[in-house]
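Below: one structure, written as structure tokens.
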Amino acid sequence: MSTTVEALRPRTLPPWGAVRHDWTRDEIQALFALPFPDLMFQAQTVHRMYFEPREVQVSTLLSIKTGGCPEDCGYCSQSAHHDSGLKASKLMEVEKVLTEARAAKAAGATRFCMGAAWRSPKDRDLETVCAMIEGVKALGMESCVTLGMLSPEQAIRLKRSGLDYYNHNLDTSPEYYEKVITTRTFDDRLNTLSHVRDAGINVCAGGIVGMGEAESDRVGMVAALATLPEHPQSVPINMLVPIEGTPMKNVQKIDHLDFVRTIAVARITMPRSMVRLSAGREEMSDEIQAMCFMAGANSIFYGAKLLTTPNPGEDHDMALFDRLGMVPMPG
Ligand code: SAM
Ligand code: DTB
Ligand code: SF4
């Protein structure tokens with residue numbers, strides 16, 4: 001009798017790599033519970049069905065409006081509710097942003113992501129951001145912005161400027177959300193995502209792990225993402241960067257292998273999405289990052305700064321790619 005892996009799999013499971021929107025929490029929990037080698041094998045198998053496994057997409061991030069945010073997100077250095085010591089600043093000028101975008105392009109980034117510490121953009125500021133997007137597109141780069149909640153009209157305006165991606169994270173499970181943020185709801189987040197989708201902009205939505213959540217919250221977060229009407233084209237998985245002065249400064253650090261598991265489960269449940277190994281790389285060894293790539297991560301933030309916190313420098317990342325025989329994804 002055959003004892004191949006295929007023969008041992010329960011007949012009721014759909015084939016690996018199917019693009020499904022009906023994932024149940026039980027199924028996702030079962031993935032998290034797999035022995036690590038089995039989880040990695042499945043994630044790597046699915047990854048190879050849709051992607052060239054040596055390639056990693058590189059995006060550079062710039063904070064175009066820093067600090068003073070009215071929202072109370074418990075993890076964030078930029079919330080006016082916490083005393084993180086960060087100096088708030090106004091929206092940057094378009095030309096200064098484009099100077100940074102040119103430098104990012106010269107360093108090898110193919111996507112330029114601009115973040116603003118807003119609850120939602122004012123229409124006048126949105127016009128300035130649209131000029132930035134047009135400038136980034138004129139450089140031949142992909143554009144992404146993250147500006148907080150949007151109305152349907154604002155999403156359409158962004159689409160008209162040529163915006164490629166809008167980042168808006170679900171961050172955690174619906175149940176844990178109010179432990180992290182009280183100034184908006186999980187449903188507010190879902191509404192903005194639907195406006196972005198309806199406007200025809202690619203969605204970038206993921207979350208944070210290591211905020212003191214239970215594994216069941218990681219299950220709930222992946223379930224919320226993987227059951228959206230369309231999988232987000234890009235799924236950033238951040239590891240909490242603990243910030244002085246925030247309520248999450250002293251939360252128990254997550255086991256890095258549990259972070260790798262979250263990447264693997266995101267890869268398996270959203271097979272065609274780019275999964276981004278996002279914040280937290282500065283804390284991780286090169287070996288853990290390599291495991292994240294094995295688990296199906298195929299995108300990173302590239303450049304020595306995220307929004308307000310440090311990230312590995314370009315040289316370090318290029319050396320790591322070389323050591324792993326990996327390459328930046330062509331734009
Ligand atoms: N204000 C907008 C918003 O909240 O959507 C855009 C900027 S916000 C800083 C973008 C995302 O960065 C958050 O949703 C969160 O997932 C991530 N983030 C912020 N601070 C972080 C931290 N300390 N550690 C890890 N991820 C963080
Ligand atoms: C995302 O998921 N992570 C990025 C981006 N989208 C905007 C932000 C990470 C921020 C990390 C903390 C900081 O630098 O302030
Ligand atoms: Fe504001 Fe975004 Fe930070 Fe929340 S995560 S405090 S909305 S900048």
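Numbering of ligands and ligand atoms starts at 1, following listing order.
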- Distance to 0.1 Å, residue and atom name: give those for the protein heavy atom nearest to atom 10 (C) of ligand 1. Asn167 OD1, 4.0 Å
- Query: Can you tell me which residue and heavy atom of the protein come closest to atom 7 (C) of ligand 1, and the distance to 0.1 Å?
  - Reply: Thr146 OG1, 3.9 Å
- Message: Quick one about Thr172 and Asp217 (side-chain donor to acceptor, distance below 3.5 Å, no hydrogens or angles considered), yes or no?
- Response: no
- Task: Quick one: sort the Phe321 and Phe293 rings into parallel, tilted or perpendicular, breaks at 30° and 60°.
- Result: perpendicular
- Note on the structure: Tightest non-hydrogen contact, residues Glu134 and Ser161, listed as CG-O, 3.5 Å
- Query: Are Gln154 and Asp123 linked by a side-chain donor-acceptor pair shorter than 3.5 Å?
  - Reply: yes
- Message: Is the contact between Arg184 and ligand 3 made by the side chain, the backbone, both, or neither, using heavy atoms and a 4.0 Å cut-off?
- Response: side chain
- Note on the structure: What one should report as the nearest heavy-atom pair of Ile243 and Ser84 is CG2-CB, 4.0 Å
- Going by the order shown, which atoms of ligand 1 are within less than 4.0 Å of some heavy atom of Leu307? 9 (C)
- Message: Just to confirm my output: which protein heavy-atom neighbour is closest to atom 20 (N) of ligand 1, and how far is it?
- Response: Tyr75 CD1, 3.4 Å
- Query: For ligand 2, what are the residues with a heavy-atom contact below 4.0 Å?
  - Reply: Leu61, Ser77, Thr146, Asn167, Asn169, Pro236, Asn238, Ala279, Phe301, Leu306, Leu307, Thr308, Thr309
- Message: Distance under 4.0 Å to a non-hydrogen atom of Met239: what atoms of ligand 1 satisfy this?
- Response: 25 (C)
- Item | Sub-4.0 Å atoms of ligand 1 with respect to non-hydrogen atoms of Ala116 | 1 (N), 2 (C), 6 (C)
- Spacing of Lys65 atom NZ and Ser89 atom OG [to the nearest 0.5 Å]: 6.5 Å
- Query: How about atom 3 (Fe) of ligand 3: does it have a protein heavy atom within less than 4.0 Å?
  - Reply: yes
- Task: Flag the pair Glu282 / Thr309 as yes when at least one side-chain heavy-atom distance between them is below 4.5 Å, and no otherwise.
- Result: no
- Message: Taking atom NZ as the centre, does Lys249 end up with more than 12 heavy-atom neighbours from other residues, nucleotides or ligands that are less than 6.0 angstrom away?
- Response: yes
- Message: Quick one, Thr45 and Ile268 - any side-chain contact, counting heavy atoms below 4.5 Å?
- Response: no
- Query: Arg218 side chain to Asp258 main-chain N or O, any donor-acceptor pair under 3.5 Å?
  - Reply: no
- Task: Could you check atom 24 (N) of ligand 1 against the protein and tell me its nearest heavy-atom contact, residue, atom and distance included?
- Result: Val241 N, 2.9 Å
- Query: Which of the atoms of ligand 1 are close to Asp171, meaning less than 4.0 Å from one of its heavy atoms?
  - Reply: 14 (O), 15 (C), 16 (O)
- Message: When you compare the side chain of Pro236 with that of Asn167, does any pair of heavy atoms fall below 4.5 Å?
- Response: yes
- Side-chain heavy-atom pair Phe112, Glu100 within 4.5 angstrom cut-off: yes
- Has the side chain of Asn238 got a donor or acceptor atom that lies under 3.5 Å from a matching backbone atom of Ala279? yes
- Identity and separation of the nearest protein heavy atom to atom 27 (C) of ligand 1: Ile208 CD1, 3.7 Å
- Note on the structure: Heavy-atom closest pair (Tyr50 atom, Gly17 atom, distance to 0.1 Å) is OH-O, 2.6 Å
- Identify the closest protein heavy atom to atom 5 (O) of ligand 1: which residue and atom is it, and at what distance? Arg189 NH2, 2.9 Å
- Query: Side chain or backbone of Asn238 under 4.0 Å from ligand 1, or both, or neither, by non-hydrogen atoms?
  - Reply: side chain
- Query: For ligand 1, which atoms, with element, lie under 4.0 Å from some heavy atom of Gly148?
  - Reply: 2 (C)
- Begin with the C-alpha distance, continue with both residues' side-chain angles, and end with the deciding distance and a verdict on side-chain contact (heavy atoms from CB on, under 4.5 Å) for Ile181 and Tyr75. CA-CA 9 Å; Ile181 300 148; Tyr75 46 80; 4.0 Å; yes
- Subset of ligand 1 atoms that lie under 4.0 Å from at least one heavy atom of Leu240: 24 (N), 25 (C)
- Which residues and atoms, counting only protein N, O or S, are under 2.8 Å from atom 4 (Fe) of ligand 3? Cys73 SG
- Query: Passes side-chain contact (heavy atoms from CB on, under 4.5 Å), Arg157 versus Glu127? Steps please.
  - Reply: CA-CA 9 Å; Arg157 175 69 189 95; Glu127 290 305 312; 2.9 Å; yes
- Asn169 neighbourhood, listing ligand 1 atoms whose heavy-atom distance to it stays under 4.0 Å: 11 (C), 13 (C), 14 (O), 15 (C), 16 (O)
- Is the side chain of Arg267 donor-acceptor paired with the backbone N or O of Met294 at a distance under 3.5 Å, no angle test? no
